[in-house]
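These numbers come from a predicted model, not from an experiment.
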Amino acid sequence: MGYRQIFIFIEGDKDEIFFSKIIKPLFEKRYSYVRLWKYAEVSKAKIHSFIESIRAMDADYIFVTDINNSPCVTAKKKKIKKMIKNIDIDRIVVVRKEIEGWCLAGLENSLCNRLRAPFKKDTNDLTKEEFNNLIPKKFDSEIDFIIEILKSFSIETAEERNTSFGYFINKYRLL
Amino acid sequence: MHIKKIRVTNFKSFKDLEIELGRFNVIIGANASGKSNLVQIFKFLRDTTIYGLDNAISMQGGVDYLRNINIGSSKELSLEIVSDLEYGKIISHAKEREGLGVRTFETVYKMALGFKKNGREYEIIEDKITQRFKIIRLGIKGKNIEEKEIIGKGWIILSHTKGRIKIDSFNISEGIPINKNDIIPQFILEERLDPQSPLIILFPLLRIPLFFNKTSICDFDPRMPKRATTMTGKAEIEEDGSNLAIVLKNILEDREKRRKLFNLITNILPFVNNMGVEKLADKSLLFKIEEIYTKKGNFLPASSISDGTINVTALIVALYFERKWMTIIEEPERDIHPYLISKVVEMMKDASRNKQVIITTHNPEIVKYAGLENILLVSRDRDGFSIITKPSMHKEVKIFLKNELGIEDLFIQNLLG
C-alpha cells in the first residue's frame, strides 16, 4: 500500500469524539494518514481553499454533515454544493438526523440496562434534544455519556439501527 | 437555578450597570475594561455571606476601592441580584393526605451602602429580599410528596433596617389559607441583626438556599499545583488551584468519579494514561500523571507536567466535580493549545447544563466557539465607566457575520462593540 491520505470534514467537537473513536481506526486500516478537520466555525472560503489543497496533494476527503431540517439527503447535498462550489457531491456524507443518532445506534441492549439508558430500536430521527432527554441521571455530562457509550459501540448493531450509518460503512467498505 | 440579572451602582468601575446572564457567559473586553470588576461583584457577595460585610469590604481593599473612585461617597453603592432559584417548602398539612406548599421561582436580593461625610464609614441603607412563589396543592402519601396543581401565586418582601427585620409586603391569591408567618416564621422577625450585617447572612435561617456561597471563582496558576500541597487543605479547589492534589485524591478514590474524570480528561488530552496522587515523606501530596509515551508505571510528577495539562485538569475539576451552582473562571485558556480550545469551550457549555458558568477571556479561539449569544462585551464609556453590551444585539455585528467575517476576526479588530 502506497502512502494514502484522507481528510474527514466533521462539524464540531461531538462529531470529533465519535469519528476519532469509531470511524478513524477503521480508515486507518486503509490509509497511512487520517485527519479529522472541524469546519463548524470556518468560513466557506477557507473550506474551499482546504479542498483545493487536498486535491493538490492527491488525497481523499469526505465531508460529513447532519441532515438537520433538509427534506432529504439529495436536498442537503445540493445545499452544501451551493455553499461550497468546489466540493465533489459524491464525497458528501449525510448523517441522519444528527451525530447523536449514530452514537446511540451502537448501544447494545445489555449496556442500556447497565447504564440505565433507554434502548432505541431506530435512531434515524433522533434529535439532539431527544438524545439529551435520554441521558441517564447518573451522567451530569453529555460528553461523559457519549464517551461511555462509545466504549462498547457495536458497528453491526449501529448498521441495523441507523440507515445513514449503515450506508456510510458500506460505501467506504469499512468492515 | 441561576442568576438572571445583576444591577449595580457605584461599584468599582461601574457607575450604573444592568445585565442579563445566561447559563454560559463569556466576558470579553480590552485590558482594564472592567472584566475582573464584574467577577468582583460575585466575589464580594460570596465573601459577605461567608466572612461578613466588614471583612468582605476589607478584602476588596476597603470602601475606597469598592466604590467607584470618581463617584466616591457622593452616591450609594448598590447591588441587586435576580435569581430564578427554585426551592419548595411545605406550608401545611391541612388534611391527612393533602397539604399546601410554596415553590419560589424568583428571588431578588438588594443591598445598598451609604457613606458618611468622611467617606470611610458606611452603613447599610437598603437590605431587602423579594421572593415570588407559586402556591401548590400537595398530595402526601407517607414520606412521598407530590405536587398536584398550582392554585395561586404570591410574593413577600422582607427588609432589614438598623438591625430590625420586618415584612414590608405580603401578597397572595385570594382565598388561600396561608399567612405571612407561614413563609417567614415570627421568631425570625424577632431576631436582632447587627446593623452592619446584611440579610444574606440570615439565608440559612430563612431556609433560602444560599446562592452566593455556592459560587466558585477560579483563577488558576499552573505553577501552584506543581508544588506539593499539605494534606490538610480544603476539599474544594482553591482559587489558584494550589490544592489540586487533595481534590484529585478524593476524586480518584471514588470509582465512579474516577471513571468520569478519565473520560473528560482523555477527551481533551488523549495522551493521559493514568493519574495518581503521591503522599510524600513530609505528609504533603503531589499529583502525578502517566502518559502513553512512557512505560507503564512511570509517572511524571506534577513539577514535570506541562502547564496546559495542569490547567485542563483543574478546569475539569472546577466544572464537573465541585458542587457549586456557579463557576467563574478567569482566562481558562491559559497555556492550552489553540486546537484544544474548541473542546474546552464545548466542555464549559456541557457543564453549564447543570451550573451557571461565567468566564473572562482575551482569547479569539474562545470567542470563535463560544456562540455569539453567550458573549458579553465590557468596555469603557466616554466618562471612563465600564459598560456591558451584548454583541448579538448589534445590527453591524450581524451584517459582518452574514458576510462571512468570523466573530474572532471582529473581536481582534475591536469591532464587536
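Figure legend: A:Lys38 and B:Tyr339 shown as a cation-pi pair, the cationic atom lying under 6.0 angstrom from the six-membered ring centre and within 45 degrees of its axis.
With values rounded to the nearest 0.5 angstrom, A:Ile147 atom CD1 is found 4.0 Å from B:Asn267 atom CG. Once rounded to the nearest 0.5 Å, the distance linking OH of B:Tyr369 with CG of A:Asp13 reads 7.5 Å. Note that OG of A:Ser43 and CG of B:Asn403 are 12.0 Å apart. Values are rounded to the nearest 0.5 Å.
A salt bridge does not link A:Glu148 to B:Lys260: none of the charged nitrogens lies less than 4.0 Å from a carboxylate oxygen.
B:Lys296 NZ: 12 or fewer foreign heavy atoms inside a 6.0 Å radius. Crowding of A:Lys82 atom NZ: a count of heavy atoms from other residues, nucleotides or ligands under 6.0 Å not exceeding 12. Counting heavy-atom neighbours within 6.0 Å of A:Lys81 NZ, excluding the residue itself, gives a total above 12. More than 12 heavy atoms of other residues, nucleotides or ligands sit less than 6.0 Å from atom NZ of A:Lys138. Around the CG atom of A:Asn113, the shell of radius 6.0 Å holds more than 12 heavy atoms that belong to other residues, nucleotides or ligands. Residue A:Tyr167 places its OH atom among 12 or fewer non-hydrogen atoms of other residues, nucleotides or ligands, all under 6.0 Å distant. The environment of A:Asn69 atom CG is sparse: at most 12 non-hydrogen atoms of other residues, nucleotides or ligands sit within 6.0 angstrom. Crowding of A:Lys78 atom NZ: a count of heavy atoms from other residues, nucleotides or ligands under 6.0 Å not exceeding 12.
Listed for the B:Asn354 side chain is a donor-acceptor partner under 3.5 Å among the backbone atoms of A:Asp140. Formation of a donor-acceptor pair under 3.5 Å by the A:Glu41 side chain with backbone atoms of B:Gly406 is not found in this model. Not one N or O on the side chain of B:Asp350 forms a donor-acceptor pair closer than 3.5 Å with the backbone of A:Ser141.
Contact tally against chain A (heavy-atom pairs below 4.5 Å) for B:Lys368, B:Arg259, B:Glu346: the top residue is B:Arg259.
Of the atoms belonging to A:Leu150, not a single heavy atom falls under 4.5 Å from chain B.
A 4.5 Å side-chain heavy-atom check between B:Asn263 and A:Ile143 finds every atom pair outside the cut-off.
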